[in-house]
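Order of listing sets the numbers, starting from 1, for every ligand and every atom in it.
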Amino acid sequence: MLILGVDTSCDDTSIAVLRIVARKFEILSNIVSSQEKIHQKYGGVYPTLARRAHEANLPLVLVQALKRSNTNGIGVGAGAKINPRDIDAISVTIGPGLDPCLWEGVNFVKDLAYKFNVPIIPVNHIEGHILANWLPPVDENIKFPAICLVVSGGHTQLILMRKIGKYQILGETRDDAAGECLDKTARILGLPYPGGPAIAAEARDYGGLTSIVLPRPMLRSKDYDFSFSGLKTAVLYDYKKRSAKERKSKKYIQVMCAEIQQAVIDVLIKKTIRAGKDYKVKTILLSGGVAANKELRAQFQQRAKKENFRFQVPNPKFCTDNAAMIAITGWFHRAKALKSARQIKNLQAIPNLRL
Ligand code: KG4
Ligand code: ZN
């Protein structure tokens with residue numbers, strides 16, 4: 001079976017082709033066209049520009065995704081080339097995400113579904129991030145129940161997962177998402193967008209003990225919620241009290257970045273491990289753009305091992321937004337495919353879709 005995945009939830013236009021044979025997954029292509037350069041000067045995503053970029057990019061990214069599938073040398077028959085008509089279903093992100101961006105993807109796949117005469121499988125972007133943990137290469141045997149921590153630019157959620165498709169949100173951020181906090185604090189410090197990788201690079205170059213102490217918001221609260229806006233405010237206060245010379249110094253930026261990163265990591269790990277113990281889970285799954293962070297991955301791995309949890313995190317390229325995760329989620333939900341012309345016509349983008 002061949003599934004075409006499409007994601008336009010935020011500022012990346014992505015299309016992937018996933019082949020499934022005897023429950024084995026093979027990513028034939030996973031093209032991600034980033035809009036980083038467009039949004040850099042605004043320090044965040046500008047929805048109208050993002051929509052326009054998706055509109056321009058989608059047809060080009062589709063051609064690239066199909067071409068790459070072919071150059072990977074895997075056809076439907078031996079040596080055969082993948083023809084768009086070989087696609088069996090299209091899965092698309094319908095939410096959560098930015099309204100104009102989601103609609104661009106949804107309308108694009110409606111046209112494709114009509115042209116290729118294939119069903120559409122609507123996908124929740126957050127579930128896509130979670131199920132990226134099943135993309136190859138993978139430990140096939142993820143044991144349930146599991147706790148998933150989804151940390152991205154738009155979301156920070158702690159989710160109890162009893163099986164694929166069965167989720168309970170235990171906690172989430174009350175204000176900014178973890179990635180949003182990194183993006184905003186990076187902006188205060190004059191670092192480029194997206195802030196997460198920029199802060200990680202500065203912190204790595206420093207690598208020592210920090211002389212700045214930032215708060216770890218809600219570290220000891222009894223619930224599973226998060227809050228990151230206080231951390232952002234603390235960074236702003238510290239920055240403002242420094243002299244112009246110190247603010248610009250490499251040392252200050254590096255020490256501050258190391259402390260911001262560690263403050264976020266401390267809160268994420270502590271709450272996730274506590275939830276894992278409270279719910280007696282077997283596995284901890286990490287996902288979302290912030291899960292690409294090397295330090296977070298390493299520290300999580302260490303703590304999870306110490307506490308006897310299995311730990312799983314996707315390859316970094318499947319942590320940030322991509323369509324391979326949307327294609328695999330579509331496969332797991334193929335029974336919910338929309339087949340009739342009327343169902344497809346009525347498909348809607350849902351910007352505030354919940355798990
Ligand atoms: O999942 P994603 O690509 O998009 C959303 O669904 O939001 O996540 C983007 C977020 C941004 O806030 C970005 O700064 C953060 O993920 N991010 C990182 C890293 N790479 C991306 N944060 C920390 N370290 C990274 N290496
Ligand atoms: Zn995402």
Side-chain angles (χ1 to χ4, degrees), residues 5-14 16 30 32-36 39-40 42-45 47 50 54 92-98 101-102 105 123-133 135 148-157 159 172-173 176-189 191-205 226 228 231-232 257-258 260-265 267-269 286-300 313-326 328-329 351-353 355:
V6 177
D7 184 83
T8 60
S9 57
C10 191
D11 60 341
D12 292 307
T13 313
S14 183
N30 182 36
V32 182
S33 168
S34 162
Q35 301 176 10
E36 251 170 52
H39 302 290
Q40 224 151 39
Y42 304 99
V45 181
H54 286 309
V92 63
T93 299
I94 59 161
L98 299 172
C101 300
L102 291 166
V123 165
N124 178 311
H125 183 81
I126 301 291
E127 188 176 17
H129 275 303
I130 296 172
L131 298 186
N133 276 294
L135 286 169
C148 320
L149 174 67
V150 179
V151 267
S152 71
H155 295 87
T156 300
Q157 288 186 329
I159 298 154
E172 57 197 317
T173 183
D176 294 349
E180 190 179 357
C181 171
L182 296 172
D183 293 340
K184 286 179 175 169
T185 50
R187 195 175 178 190
I188 293 170
L189 300 175
L191 298 173
Y193 173 84
I199 286 180
E202 296 291 342
R204 187 188 52 228
D205 290 347
F226 302 91
F228 290 103
L231 183 57
K232 175 191 65 194
C257 286
I260 294 169
Q261 181 173 270
Q262 196 54 49
V264 171
I265 291 176
V267 179
L268 293 178
I269 293 187
L286 182 62
S287 60
V290 180
N293 186 279
K294 260 194 176 159
E295 217 27 66
L296 177 68
R297 298 163 77 93
Q299 293 187 30
F300 236 122
V313 59
N315 181 304
K317 68 175 180 248
F318 301 131
C319 287
T320 44
D321 286 349
N322 68 88
M325 70 185 197
I326 303 305
I328 198 168
T329 306
N352 53 2
L353 184 66
L355 254 188

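The distance from ligand 1 to the heavy atoms of His129 drops below 4.0 Å at these ligand atoms: 1 (O), 6 (O). Within the listing of ligand 1, atoms 12 (O) sit less than 4.0 angstrom from a heavy atom of Gly179. Set against the non-hydrogen atoms of Ser152, the atoms of ligand 1 under 4.0 Å away are 1 (O), 5 (C), 6 (O), 7 (O), 8 (O). Of all atoms in ligand 1, listed by their number and element, those nearer than 4.0 Å to a heavy atom of Leu182 are 22 (N), 23 (C). The distance from ligand 1 to the heavy atoms of Asp183 drops below 4.0 Å at these ligand atoms: 11 (C), 12 (O), 13 (C), 14 (O).
Side-chain atoms of Val6 and Ser14, non-hydrogen and from C-beta on, never get closer than 4.5 Å to each other. Looking only at side-chain heavy atoms (C-beta outward), Ile94 and Asn124 stay at 4.5 Å or farther from each other. Put simply, the side chain of Leu98 does not reach to within 4.5 Å of the side chain of Pro351, judged on heavy atoms. Looking only at side-chain heavy atoms (C-beta outward), Lys232 and Ile188 come within less than 4.5 Å of each other.
Across all non-hydrogen atoms, the minimal contact from Leu131 to Ile328 is O-CG2, 3.7 Å. Across every non-hydrogen atom of Leu353 and Gly95, the tightest pair is CD2-O, 3.5 Å. A pairwise comparison of heavy atoms in Tyr193 and Asp183 identifies CE1-OD2, 3.9 Å as the closest pair.
At least one N or O atom of Gly154, backbone or side chain, sits closer than 3.5 Å to an N or O atom of ligand 1. For ligand 1, none of its N or O atoms has an N or O atom of Ala200 under 3.5 Å away. Ligand 1 has no nitrogen or oxygen under 3.5 angstrom from a nitrogen or oxygen of Asp12. In terms of polar-atom proximity, Gly153 is counted as a contact of ligand 1, with an N or O under 3.5 Å from an N or O of the ligand. An N or O contact shorter than 3.5 Å is missing between Thr320 and ligand 1 by distance.
Judged by the shortest distance from any of its heavy atoms, Lys294 lies outside the 4.0 Å radius around the atoms of ligand 1. Every heavy atom of His155 sits 4.0 Å or more from the atoms of ligand 1. Remark: distances from the non-hydrogen atoms of Cys10 to ligand 1 are all 4.0 Å or more.
For atom 2 (P) of ligand 1, the nearest protein heavy atom (residue, atom name, distance) is Asp321 OD1, 3.4 Å. The shortest contact between atom 24 (N) of ligand 1 and any protein heavy atom is with Asn293 ND2, 3.1 Å.
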Intermediate values then yes/no, side-chain hydrogen bond (donor to acceptor under 3.5 Å, both in side chains), His54 and Thr13: CA-CA 6 Å; His54 286 309; Thr13 313; 2.8 Å; yes
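Of the possible polar contacts, one joining the Asn133 side chain to the Ile130 backbone as a donor-acceptor pair under 3.5 Å is found. In this structure, the side chain of Arg297 engages the main chain of Ala291 through a donor-acceptor pair within 3.5 Å. Under a 3.5 Å cut-off, the side chain of Thr8 and the backbone N or O of Gly105 do form a donor-acceptor pair.
Nearby protein atoms of type N, O or S around the Zn ion (ligand 2) amount to 3 (distance under 2.8 Å).
For atom 23 (C) of ligand 1, the nearest non-hydrogen atom from the set Gly195, Pro194, Gly196, Cys181 comes from Gly196. When the heavy atoms of Gly289, Cys319, Ala201 are ranked by distance to atom 19 (C) of ligand 1, first place goes to Gly289.
Between Gln262 and Gln299, the side chains place a donor N or O and an acceptor N or O closer than 3.5 Å (distance only, hydrogens not considered).
Taking the six-membered ring where the residue is Trp, His125 and His129 present perpendicular rings, their angle passing 60° and hence far from 30°.
The distance from atom CG of Leu296 to atom CG of Leu286, rounded to the nearest 0.5 Å, is 5.0 Å.
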